[in-house]
Undergrad: 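Have a look at this one before I ask anything.
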Amino acid sequence: MIYLKTDTELDIIKANGDILGRCHAEVAKNIKPGISTKELDKVAYEFIKDNGGNPSF
């Protein structure tokens, strides 16, 4: 069965996509030789939390 999204649900999806896109940009700014993926995870985690999200990792 296909469930159509309401306008409210679509707005939430769009807002979350915006946060994710900005998170990717923030992580990309921190990529440099010697940085660990654990440190990049921390950057992403903090960015998502600072923007009202709840990271799933």
Side-chain angles (χ1 to χ4, degrees):
M1 180 176 285
I2 297 173
Y3 295 98
L4 299 177
K5 303 290 186 210
T6 65
D7 288 339
T8 302
E9 291 171 323
L10 290 173
D11 289 341
I12 292 168
I13 292 168
K14 288 176 188 176
N16 289 336
D18 178 58
I19 291 171
L20 180 60
R22 291 186 292 122
C23 180
H24 285 167
E26 188 67 27
V27 170
K29 285 191 285 186
N30 287 278
I31 295 173
K32 58 187 173 226
I35 192 164
S36 70
T37 54
K38 185 174 183 174
E39 291 171 296
L40 294 175
D41 280 350
K42 184 178 178 188
V43 169
Y45 183 89
E46 290 175 0
F47 183 87
I48 293 170
K49 289 299 271 186
D50 290 346
N51 284 278
N54 186 22
S56 62
F57 54 92

Undergrad: Determine, using the 4.5 Å side-chain heavy-atom cutoff (strictly less than), whether Leu10 and Ile12 are members of one ILVMFWY cluster.
TA: no
Undergrad: Inspect the contact between Lys14 and Asp18 and indicate whether a charged nitrogen and a carboxylate oxygen are less than 4.0 angstrom apart.
TA: no
Undergrad: Can you get from Ile19 to Ile13 by hopping between Ile, Leu, Val, Met, Phe, Trp and Tyr side chains that sit under 4.5 Å apart?
TA: no
Undergrad: Say whether Tyr45 and Ile48 are linked into one hydrophobic cluster, either directly or through other cluster members, by side-chain heavy-atom distances under 4.5 angstrom.
TA: yes
Undergrad: A quick test of your reading: do over 12 heavy atoms of other residues, nucleotides or ligands sit less than 6.0 Å from NZ of Lys42?
TA: no
Undergrad: Roughly how far, to the nearest 0.5 Å, is the CG atom of Leu4 from the CD atom of Glu9?
TA: 9.5 Å
Undergrad: Would Glu39 and Asn30 count as a side-chain contact (heavy atoms from CB on, under 4.5 Å) if you check the C-alpha gap in whole Å, the side-chain angles of each, and the deciding distance to 0.1 Å?
TA: CA-CA 9 Å; Glu39 291 171 296; Asn30 287 278; over 6 Å; no
Undergrad: Looking at Glu26 and Lys29, does any basic side-chain N land under 4.0 Å from a carboxylate oxygen?
TA: yes
